[in-house]
Number of protein chains: 2
Amino acid sequence: MAEPESATVDLEIIVQGAQEGKKLELRLWLRMLSTTKLISQEIRRRLRNEFGATLPQFDLMAQLYREREGLRLGELSKRTMVTNGNVTGLVERLEADGLVLRVTPDGDRRVTVAKLTAKGETSFSAMAAAHEGWLRDMMADVDPAVVSELWRDIGAVKSSVSNHLSGADFD
Amino acid sequence: MAEPESATVDLEIIVQGAQEGKKLELRLWLRMLSTTKLISQEIRRRLRNEFGATLPQFDLMAQLYREREGLRLGELSKRTMVTNGNVTGLVERLEADGLVLRVTPDGDRRVTVAKLTAKGETSFSAMAAAHEGWLRDMMADVDPAVVSELWRDIGAVKSSVSNHLSGADFD
DNA sequence: CGTAAACCTTTGACATTTCAAATGTTGCTC
DNA sequence: GAGCAACATTTGAAATGTCAAAGGTTTACG
């Protein structure tokens with residue numbers, strides 16, 4: 001908790017925004033992480049209580065909702081940032097619930113395409129509407145201009161991180 | 001030799017036509033979530049490759065490192081935002097690895113206090129130093145002034161969210 | 001053709017996550 | 001003291017998450 005005291009006082013404060021102590025990036029990261037956890041947990045709780053769904057299922061269905069013809073599992077994996085092995089089980093459970101359908105196209109039998117059923121589309125659009133409202137509620141006290149700034153600046157963070165990954169990987 | 005599976009980003013695509021005006025909060029949320037996932041996965045990968053540790057273990061040890069006398073499991077649960085049941089298993093595995101010690105104080109036998117062993121302290125401080133450097137690297141392209149702004153504004157988001165939770169919960 | 005490389009998905013072992021219910025302990029009240 | 005509410009942790013079932021390795025299927029090349 002305690003910051004190391006500096007013997008020389010004034011100079012540091014002048015030099016490029018050295019707010020209070022270093023580790024700015026670390027502090028930002030910790031705050032991002034805790035805030036994201038907080039929001040995730042709230043959304044999870046509401047999805048569960050009001051729709052009996054889970055957040056990963058919601059995310060996966062959101063991708064399929066945008067692509068009505070369906071998506072290959074590998075593509076789903078990239079878009080949801082979920083590992084391939086994980087997508088398999090996720091789709092299995094959604095299929096068991098009648099929300100998603102799995103098809104192997106004639107052209108290439110390596111591939112499995114998942115797409116929403118009619119029931120899945122109905123179910124998702126109800127959740128999506130509620131989901132959007134929850135977020136507006138939760139962020140109600142934040143100035144819309146700040147929301148916009150955050151959106152832009154977090155984009156810069158995301159971009160920087162993407163360029164400094166250890167496993168070569170980018171857009 | 002299988003490559004690590006997860007790949008590129010996206011996940012911001014739930015929004016339909018919202019490029020220009022509405023659903024600002026939703027778009028911010030999706031960007032926060034994907035950015036946080038991206039950073040988490042990178043940290044996870046490096047913790048695993050360079051230290052053989054997991055992120056939740058690192059988080060838990062970070063709390064114990066700040067409180068050398070140890071923490072009760074319930075307190076650990078709050079600080080790490082991990083459920084009680086989960087803390088039990090995490091501490092169990094860390095204890096099996098000799099990084100953490102569990103003690104039941106004489107005063108109150110309901111309580112279990114976890115604290116770092118000497119080995120745990122050594123191990124953690126090496127990881128913490130590396131961890132801080134990784135974050136500086138990943139955010140290297142972001143203007144420090146922007147990092148500060150983000151830290152402040154995300155604080156505002158967190159505060160707003162805390163005031164609009166359905167369950168009883170705050171910080 | 002036949003084989004190897006590349007591709008896509010699944011499987012398996014384990015760690016983490018949540019919720020709900022069960023267990024054990026303490027403190028308070030009557 | 002006996003009973004009970006409050007507290008702290010553990011347990012159990014189900015889902016999600018990772019990585020690594022194994023299955024099938026094309027595709028390309030000699």
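Note that the coordinates shown come from a computational prediction; the quantities given were computed from them, not determined experimentally.
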Applying a 4.0 Å non-hydrogen cut-off, can you work out what [X] is touching in the nucleic acid: base, sugar-phosphate, or nothing?
X      : answer
A/G74  : sugar-phosphate
B/L55  : nothing
B/V82  : sugar-phosphate
B/N86  : base
A/T54  : sugar-phosphate
A/T112 : sugar-phosphate

Item to check | Residues A/E67, A/K115: salt bridge by 4.0 Å N-O rule | outcome: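 Not counted as a salt bridge, because no side-chain N and carboxylate O are separated by less than 4.0 Å.
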Checklist entry - Do B/E50 and B/R45 sit within salt-bridge range, that is, some charged N less than 4.0 Å from a carboxylate O? => result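 So B/E50 does not pair with B/R45 through a salt bridge.
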State whether [X] places a side-chain N or O below 4.0 Å from either non-bridging phosphate oxygen (OP1 or OP2) of [N].
X      : N      : answer
B/N84  : D/dT9  : no
B/T83  : C/dT18 : yes
A/R102 : C/dC8  : no
B/R72  : D/dA8  : yes
A/Q41  : C/dT18 : yes

Item to check | From CA spacing to verdict: ring-ring contact (aromatic ring centres under 6.0 Å, His included), B/F51, B/F58 | outcome: CA-CA 10 Å; B/F51 297 98; B/F58 175 78; 8.6 Å; no
Item to check | B/E42-A/S166 side chain donor-acceptor pair, cut-off 3.5 Å | outcome: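 B/E42 vs A/S166: donor-acceptor pair found between side chains.
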Checklist outcome for this item: B/E92 atom CD is separated from D/dT9 atom P, nearest whole Å, by 14 Å
